[in-house]
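All heavy atoms count here, side chains included; hydrogens, waters and symmetry mates do not. Counting begins at 1 with the first residue of the sequence.
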Amino acid sequence: MRHAGPTGLAICLAVAAAPSEVCANRLTFEVWPDSSPDHAVFCSVALNDGWITLVQVTGAGMPNPQPMRWRASQAEVDAVSDSLQAFVGGELGSVDTYVSRLPPAPFLTVTWLTRLDDRLATGLYIQSGLALPAPLSATLTSLGLTRPCGLTARAAE
């Protein structure tokens, strides 16, 4: 099992570089096209009060985080909401983070967080390969992030 220390730290520090607000709607994509940490891509997309905050990090550690923020279009809000609903509703299954093992590369994970009934709901999605399920593919396409987040495959059928 791969140790998540530097990865988690990179995303936490990169998100800290973005505008400081507690966001209750977040999708963090971790894409491993091969086993090299230098080729891994991390994208954290947060939706809060009609604004999208995006942080992209490529490679191990925290080289050149690229935080961006913009007013979300209705299509972007709908796409992020649909992805989160797919997780909450069980269409996309989450795994137990304490007992799950990562598959060999290529693989991707999505850590998700949303507010549900005044409580935070979180989960971890893990899959082999880089072809995203439809709700996640639609979100990245809506945001124009398919290639920057290291995902070039079309949605899995």
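If you take CG on Leu108 and CG on Leu132, they are separated by 5.5 Å, rounding to the nearest 0.5 Å. The CG atom of Leu84 sits 4.5 Å away from atom CG of Leu27, with the distance rounded to the nearest 0.5 Å. Annotation: the span from Asn48 atom CG to Arg69 atom CZ amounts to 7.5 Å, rounded to 0.5 Å.
Between Arg26 and Ala46, the shortest heavy-atom distance links the atoms NH1-CB, 3.6 Å. Heavy atoms only, all atoms of each residue included: Ser94 and Gly123 are closest at OG-CA, 3.8 Å. For the pair Gly93 and Tyr125, the tightest heavy-atom approach, listed with the atom from each and the gap, is O-CD1, 3.2 Å. A pairwise comparison of heavy atoms in Leu124 and Thr109 identifies CD1-CB, 3.9 Å as the closest pair.
Within 6.0 Å of CZ in Arg71 there are more than 12 heavy atoms belonging to other residues, nucleotides or ligands.
At distances below 3.5 Å, not a single donor-acceptor pair connects side-chain atoms of Thr58 with backbone N or O atoms of Val41. With hydrogens and angles ignored, the 3.5 Å screen pairs no side-chain donor or acceptor of Thr114 with any backbone N or O of Ala121. Under the 3.5 Å distance criterion, the side-chain polar atoms of Asp96 are matched with a main-chain donor or acceptor of Tyr98.
Using cut-offs of 30° and 60° for the angle between ring planes, the Phe107 and Trp32 rings count as parallel.
Looking at Ser83 and Trp112, their side chains never bring a donor and an acceptor atom within 3.5 Å of each other.
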